[in-house]
Amino acid sequence: MSDQTTNSIAFVADGTIPPSPPPANETGVVKWLRDNLFSNFTNGLLTFASLVLIYLLLKNTLPWFLNGIWQADSLAQCREILNGNVGACFAVLTERWHQLLYGFKYPGDAYWRPNLALLLLLVAAAPVLFFDLPRKLLLFTVVYPFIAFWLIWGGTILVPLVAFLGCVAAAVAFQKLGKNSFAAGFFTAIIVALVVWNVGGALIPEGASDNAWLSAVPSRDLGGFMLNMMLGVTCVSLSVPLGIALALGRQSDMPLIKWVCVIFIEFIRGVPLITLLFVASVMLSYFFPPESTVDLFLRVVIMITMFSAAYIAEVIRGGLAALPRGQYEAADSLGLDYPQAMRLIILPQALKISIPGIVNVAVGLFKDTTLVSVISMFDLVGMIRGPILASTEWNGVYWELLGFAALLFFVVCYGISQYSQWLERRLATDHR
Amino acid sequence: MSELAVEREIDRSKMQVSDEVAIEINNMNKWYGSFHVLRDINLTVNQGERIVIAGPSGSGKSTLIRCLNALEEHQQGTIVVDGTELSNDLKNIDKIRSEVGMVFQHFNLFPHLTILENCTLAPIWVRKTPKKEAEERAMHFLEKVKIPDQALKYPGQLSGGQQQRVAIARSLCMMPRIMLFDEPTSALDPEMIKEVLDTMIELAEEGMTMLCVTHEMGFARQVANRVIFMDAGQIVEQNEPEEFFNNPKSERTKLFLSQILGH
């Protein structure tokens, strides 16, 4: 830069070179345009072609969208109003709004119940998703499943109460015994819970739900997007812990646990979800005693949860394998026992690596909840394909209905994906 | 070979070897599959000793000290650490691990925790120390390794030498009676080796029982009271550093020393 010369072998820098701003034509909008859109002739051509394509798309869809009819009683009436012009018939959405969201049998005066449950879900999920919030909020998260069950299915409050007490008793039993031996605590907790549920269930009087404050709604009356949300939320929140347990079990030193997990995972991954759903709806009842009626919703939840837990387990196994051996050794050498090492050192790191994969499974699972329409549950897609499109008024309104379904699913899935990106940034501590 | 430059006289007032036995290894053998990696190891370490284990790579020196806190399992013989025999009993293993600190070649800090959390985690969860007390102790040891100002950073933001000093502080927070060092300076740039060795010297000056696998012969000469040379899974020679370096007995030791000190 100066009269220094580096041509001779001996060279000494005489002072540091001060930083200076970049040349003027290396900043600003023009540079961005030139770099990203018109960096050479071919790219300029591609940019131009893309603009034409976007124009053509908007030119053909915008009038259809903007001319849309929002108030009409049937497709025929829509066409009458449009009078030959291009236009969508969004009236089907307004007219069948409640059916799309809640299904066609959910009692109309009880719509506030699932709405309230959704609102409370946001409160309950917040401390789990955003761990900067005060930890005390988790108490509500623990109670939430029972409140939501009571709100949506209604009936006597005794049922969720007994379920809750069973879980509390199991947790207490595990706290007491799990300190010394995990297995003893685990199995005692299961037995305690079963005892409380059976005894409590026997104590609930016959017909307690008949005149309950919230009228009882049977599972087969649930439907619409509400059913997709319920299945999605329940199955994701159950399958993540189950997936973690399976992934750890697959790494276990104990051959029995290891092989049970391996066989479970490989079997579930080798079977299509639709097969499992058919098993849930038709065949499972052959395996239960004739008088016992396990709820169809519960059977479907079990199947979808097992399905996605197997996938999540494999994703987490990848995360566990990506951790250097030194992390296990450091945890061991400090005297941490297995549960502590897993909870404090291994899983936080392995799960962080697994976030994109877990979110991938979660998004896939949420969309797969529409498959329940083939076992005649009327979820959003089931409602559209069945009662709505089959009705004489709305026969033939495909674009508007399926577009609406796509929009609802997109909003939720995009939300999940944005959350996961935020989470990855929030957890980034490696500063690479 | 880098000789450690002595900038100050080492304070030997507290470097005293007591009669109390810290580690006793009897007829210990270990195999990896059918490969006989440690052969008939007999070694007694007294409280306060500073032992350097040297030897060519693959001689089993790392495996030996990893057996001492059960990171590796031995198949024959007995290892008694601080009065507790290493067996398959998990309770014994956890007890020994909390008495024995270990420093690794690649530091193995927990990247998802801050420096302070790295240091307080084990005291809080294993020793059940109250959080405040654990943090005070952690800051005390971080000051000792001269990086208290980095306490709230993450390991990824620190240099290699700083990370290794945090790793030493992390072990010290468990108040161990014995420290194991597994090639603590091998993954470091030359500039950073010295700061880690200085920390280790200070530790030795306080009378800590130390077993170090290292290639830093300067450190061995100045700090160790005994140098052990291993080759092909067995202890070939051990002696006081002066004798070991100036007057090696076995041919294998002579060859090794001529190779690492020859230039």
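If you're wondering where the values come from, they're calculated on a predicted model, not measured in any experiment. Just so it is clear: chains get the letters A, B, ... in the order the sequence lines come, proteins before strands, and each one is counted from 1. Worth knowing before you read on, the calculation uses all heavy atoms, side chains too, and leaves out hydrogens, waters and symmetry mates.
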Should the pair B:Arg170-B:Glu117 be classified as a salt bridge under the 4.0 Å nitrogen-to-oxygen rule? no
Side chain, backbone, both or neither: which part of B:His106 has a heavy atom under 4.5 Å from chain A? neither
Under 4.5 Å from a heavy atom of chain A, the part of B:Ile96 involved: neither
Looking at B:Ile93, B:Thr114, B:Leu109, which one has more heavy-atom pairs under 4.5 Å with chain A than the rest? B:Leu109
Is B:Lys131 salt-bridged to B:Glu135, cutoff N-O under 4.0 Å? yes
Interface moiety of B:Arg66 toward chain A, non-hydrogen atoms closer than 4.5 Å: side chain
Side chain / backbone / both / neither for A:Glu329 at chain B, heavy atoms under 4.5 Å: both
Please look at B:Val100 and chain A and tell me whether the side chain, the backbone, both or neither of the residue comes under 4.5 angstrom of a heavy atom of that chain. backbone
Top contributor to chain A interface from B:Asn69, B:Leu121, B:Leu180 [non-hydrogen pairs under 4.5 Å]: B:Leu121
Do NZ/NE/NH1/NH2 and the carboxylate oxygens of A:Glu266 and A:Arg269 come within less than 4.0 Å? yes
Answer with side chain, backbone, both or neither: which region of B:Phe110 has an atom nearer than 4.5 Å to a non-hydrogen atom of chain A? both
May I have the step-by-step check of ring-ring contact (aromatic ring centres under 6.0 Å, His included) for A:Tyr419 and A:Phe130, ending in yes or no? CA-CA 10 Å; A:Tyr419 167 73; A:Phe130 304 99; 5.7 Å; yes
Any Lys/Arg nitrogen of A:Arg426 or A:Asp132 sitting under 4.0 Å from an Asp/Glu carboxylate oxygen of the other? yes
Could you tell me whether B:Lys146 and B:Glu202 have a side-chain N and a carboxylate O separated by less than 4.0 Å? yes
